[in-house]
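Structure below; questions to follow.
As a basis for the values below, the full set of heavy atoms in this structure was taken, side chains included, without hydrogen atoms, waters or symmetry mates. Each chain gets a letter, A, B and so on, in the order its sequence line appears, and its residues count up from 1.
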2 protein chains.
Amino acid sequence: MKLTEGVEWAVHCCVVLSQAEGPVSTTRLAEFHGVSRTYLAKHLQQLSRAGLVRSTPGRDGGYELTRPAAEVTLLEIVQAVDGAESAFRCTEIRQRGPLAASKEVCRKACGVAQAMAAAERAWRTSLAGVTVADLAAGVTADVGPATFDRLRGWLADA
Amino acid sequence: MKLTEGVEWAVHCCVVLSQAEGPVSTTRLAEFHGVSRTYLAKHLQQLSRAGLVRSTPGRDGGYELTRPAAEVTLLEIVQAVDGAESAFRCTEIRQRGPLAASKEVCRKACGVAQAMAAAERAWRTSLAGVTVADLAAGVTADVGPATFDRLRGWLADA
DNA sequence: GTAACGTGGATAAGTTCTATCCGCGATACT
DNA sequence: AGTATCGCGGATAGAACTTATCCACGTTAC
């Protein structure tokens with residue numbers, strides 16, 4: 001089981017956007033995080049399509065959060081970038097083979113699929129309990145409030 | 001985020017093994033589930049290496065559970081087949097770029113990684129709460145107790 | 001001795017992830 | 001008007017992983 005690396009990039013970008021005062025361009029976000037500009041652009045477009053960020057085209061354009069940081073959950077970011085499909089996909093093994101279960105029995109989900117789904121619900125619930133604001137507060141607690149001031153200063157520099 | 005398809009095969013195999021009276025061969029398990037024999041063999045070897053099943057070589061050989069079904073959890077099977085690595089891998093983005101965090105600050109895990117780890121713990125806890133015996137009981141409840149009798153009969157047939 | 005079995009390695013095809021480039025339309029400054 | 005900067009979507013290519021098969025080997029029962 002593996003999440004795409006873009007998830008990490010996107011989450012960090014959202015934290016940065018939560019601290020910015022205006023739109024932040026892909027170029028700036030990529031430079032700040034030390035990652036590929038062209039590839040990060042793809043992930044930001046996914047956030048945009050998911051409605052988590054708003055984009056401003058043209059010069060001085062860029063991205064900003066569409067909602068307050070306290071209303072953007074980790075789950076939303078993960079699903080925007082990695083997709084919302086469940087990790088386990090039931091291929092209905094029980095309907096194959098010599099002792100295949102009947103169609104009628106299989107209207108109800110197989111027990112394995114149910115257990116897997118329950119685990120994924122627990123995972124999603126946990127992620128839904130963390131917001132971008134929480135993550136930003138964590139950074140402040142860990143490295144001090146001056147960090148985001150320096151970030152804003154760096155973003156303001158041409 | 002995606003689990004390999006082998007996970008589904010392996011779980012169903014463990015349920016079958018919990019109902020068998022002796023070793024069940026790869027050939028029989030593959031036939032029963034209607035899946036590729038050679039590929040299923042690989043997954044069964046993973047279960048064997050993880051110590052969840054014991055293998056008997058030679059004619060009349062095959063696999064059997066090493067423990068009572070009530071003591072084999074879904075989590076163990078998933079991790080045996082899919083690996084125990086966490087889905088989210090922190091690449092320490094915060095240590096890159098122009099405002100890179102210092103090494104000292106980074107002895108503590110980044111907040112994003114912590115939140116992701118908590119979610120995966122919730123997922124694992126959920127999976128660890130389901131045993132092969134639970135899954136077998138679910139089958140009995142869903143399709144009736146005769147199902148496993150038919151399975152044992154089929155396994156006994158040459 | 002022979003047939004059935006698990007094991008590990010080599011191999012190959014298919015799919016997804018990572019990454020880049022291009023042309024397009026939008027915007028701001030000169 | 002012209003130009004530089006921006007986001008958007010499509011095409012593309014390489015890397016990594018998943019899926020699948022085959023073979024040589026040692027083991028066991030008849």
Student check: side-chain heavy atoms of B:Val78 and B:Trp123 closer than 4.5 Å: yes
Separation of C:dA19 P from A:Gln46 CD (nearest whole Å): 14 Å
Below 4.0 Å: OP1/OP2 of D:dA20 and any side-chain N or O of B:Arg37: no
Short side-chain N/O contact from A:Thr56 to OP1 or OP2 of D:dC6, under 4.0 Å: no
N/O (side chain, A:Tyr39) to phosphate O (OP1/OP2, C:dT18) under 4.0 Å: yes
Approximate separation, where rounding is to 0.5 Å, of A:Asp149 CG and A:Thr140 OG1: 9.0 Å
Flag side-chain contact, heavy atom, 4.5 Å: A:Arg124 against A:Gln79: yes
Whichever of B:Asp82 and B:Lys42 has its nearest DNA chain D nucleotide further upstream toward 5': B:Asp82
Spacing between A:Glu8 atom CD and C:dT18 atom P, to the nearest angstrom: 11 Å
Sugar-phosphate, base or nothing in reach of A:Arg49, heavy atoms under 4.0 Å: sugar-phosphate
Nucleotide C:dT15, atom C1' - distance to CD of A:Glu85 in whole Å: 14 Å
Distance, rounded to the nearest Å, where B:Glu31 contributes CD and C:dC5 contributes P: 10 Å
Side chain to side chain, B:Ser86 and B:Met116, heavy atoms closer than 4.5 Å: no
side-chain N/O A:Ser36 vs C:dT20 OP1/OP2, d < 4.0 Å: yes
Short side-chain N/O contact from A:Thr38 to OP1 or OP2 of C:dT20, under 4.0 Å: yes
Upstream residue (5' side of DNA chain C) when A:Gly58 and A:Trp9 are each assigned their closest nucleotide: A:Trp9
Nucleotide nearest A:Gln45 when distance is taken to its side chain, options D:dC8, D:dG7, C:dA28: D:dC8
Atom pair distance, as rounded to whole Å: NZ in B:Lys2 and P in C:dC17: 8 Å
Nearest-angstrom distance from the residue atom CD of A:Glu64 to P of D:dC6: 15 Å
A:Glu21: salt bridge (charged side-chain N to carboxylate O under 4.0 Å, His left out) partners, not counting sequence neighbours: none
Rounded distance in Å - CG (B:Leu44) to C1' (D:dA20): 15 Å
Phosphate contact (D:dC8 OP1 or OP2) by A:Tyr63 side-chain N/O below 4.0 Å: yes
5′-ward residue of the pair B:Arg59/A:His43 relative to DNA chain C: B:Arg59
Whole angstrom value for the distance that separates P of C:dC17 from CE of B:Met1: 12 Å
